[in-house]
Amino acid sequence: MTRADAPPPAAPPPVYHLCPGVLHIHTTYSDGTGRVPDVARAAKRAGLRWIIITDHDDLRAGAEAGWHDGVAVLAGYEITPERNHYLVCGLEELIPNTLPPAEYVRLVAEKGGLGFVAHPDERVTNEYTRPFRWDDWNLRGFTGIELWNYMSEWIERYSPRRRYVNYFLPQFVVRGPTPATLAWWDRLAVEGWRPTGVVGADVHATRVRALGRVWEVFPYEHVFRALTDYLVLDSPLEADFAGAAAQILGALRAGRVIMANRTWGEAAGTRFEAHLPDGRRFTVGDEVPAEGPVALLFQAPRKAHITLYRDGTPVARVRGERALWFTAHEPGHYRAEARRWGQLWILTNHIHVGRTR
Ligand SMILES: [Zn+2]
Ligand SMILES: [Zn+2]
C-alpha cells in the first residue's frame with residue numbers, strides 16, 4: 001500500500017457525461033404498489049434521467065416505455081424462480097423462469113439481451129423472508145452483477161426488535177456489497193469476464209401496518225435518492241428515445257457505470273479516468289492499451305476517504321481529499337471506492353490497464 005501520488009497542477013477538464021438512473025424496479029405489473037407513470041414521476045423528483053422497470057417475469061411495462069417528462073423509461077424483467085433471480089434488459093421476449101439458470105443466462109446472451117445476476121449474496125433468513133441467493137458462482141456468461149441491492153440489505157437486517165430503525169432510518173441499514181460479492185466481481189475481472197457492477201433498487205414501495213397506521217415502506221422517490229447508477233457517456237443522452245435507450249444499454253453492457261449511495265451526498269461530478277501521456281483519456285469499463293505508466297485519477301465532488309484497488313487489493317489511499325492520483329506501473333483491473341462518515345458512498349467499475357510491452 002502506498003500513499004497516492006502528489007497531484008499534477010490541475011485535473012484536465014472533464015470530457016464524459018454522467019447520467020444518473022436506477023434499475024431493478026417493481027410496479028403494479030408485479031408486486032410493486034406504483035404504476036409506471038407514478039414511478040417515472042418519482043424518478044424525475046429524485047433527479048434521475050433513466051430507469052429500468054423489471055417486474056417479475058412480466059414485460060407489460062414495455063407498452064409504457066419512452067420518455068416520461070425527461071426520464072427515459074425502459075422495460076426489462078426479473079426472471080424469478082425460487083432462487084437465482086436474473087435481471088434482463090434489452091429483450092422483448094420473456095425467457096421462462098422454469099429453465100435452469102445456466103440456460104436462461106445463455107439464452108439471454110444469445111438473443112442479444114443484457115443479464116444481471118440479482119442480489120447474489122442474500123444470506124439471512126428471518127421469519128419474513130427467505131434468502132434468494134445465486135447458487136452457482138462458477139456460472140459465467142452474464143453481463144453483470146447487482147453488487148448491492150437496497151431491499152435485500154434491508155430485509156437481511158430486519159428483526160422485530162430493530163423494525164422501527166429499519167422502517168424509519170433505513171440509511172443506517174444499507175451499507176454496501178458483501179465482501180464475498182466484491183471478491184467474486186474482482187476475480188471475474190482478473191479471469192477476463194469483466195462483468196459490469198451495478199447497484200439495484202429492488203423497490204416495491206411496499207405498504208406495512210405499524211404504529212396504528214399504514215406506512216409506505218420506501219416510497220419510490222426515497223429509494224431513488226439512495227442507490228444510483230451513474231452511466232459514463234461520451235455524449236449527452238439523445239433526444240430520440242431509441243437512441244437514448246441504446247446509449248443506456250450500451251453503457252451498462254460496457255461497464256461504463258459509477259455506483260453511488262446518494263444518502264451520503266450527491267455524486268454528480270465524480271470521475272475515474274486513465275490518462276496517457278499523448279492525451280488519450282479512458283474511463284470505467286475501458287481497456288487502456290498501456291505502453292508505459294498510466295496516470296489514474298479518481299475525483300469526487302466532496303472530500304472523502306478514497307481507496308484505489310488493483311485486482312481486489314488496495315494499492316493507494318487518501319483521507320479527507322477530493323482527488324486521488326496514482327501512477328499505475330502494473331497492468332490490472334483498477335477500481336476506486338470513496339467513503340464518507342465511514343459509509344460507502346461511491347464505488348466505480350474497473351478500468352482495465354493492459355500489459356506493458
Ligand atoms: Zn429478486
Ligand atoms: Zn426484484
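Atoms within each ligand, like the ligands themselves, are counted from 1 in listed order. Heavy atoms only: backbone and side chains are in, while hydrogens, waters and symmetry mates are out.
- Of all N, O or S atoms in His85, the one lying closest to the Zn ion (ligand 1) is ND1.
- At a cut-off of 2.8 Å, His24 coordinates the Zn ion (ligand 2) through an N, O or S atom.
- Nearest heavy atom pair, residue Pro277 against residue Pro293, reads CD-O, 4.5 Å.
- The nearest N, O or S atom of His26 is closer to the Zn ion (ligand 2) than 2.8 Å.
- What you find for Tyr220 and Gly34 is that their closest heavy atoms are OH-N, 3.0 Å.
- For the Zn ion (ligand 1), the nearest N, O or S atom contributed by Glu78 is named OE2.
- The shortest distance between side-chain heavy atoms of Tyr104 and Asn84 falls below 4.5 Å.
- Within His119, the N, O or S atom at minimum distance from the Zn ion (ligand 1) carries the name NE2.
- Among the backbone and side-chain atoms of Asp202, no N/O/S atom is found under 2.8 Å from the Zn ion (ligand 1).
- No side-chain heavy atom of Trp50 sits less than 4.5 Å from a side-chain heavy atom of Val22.
- No more than 12 heavy atoms of other residues, nucleotides or ligands sit less than 6.0 Å from atom CD of Glu92.
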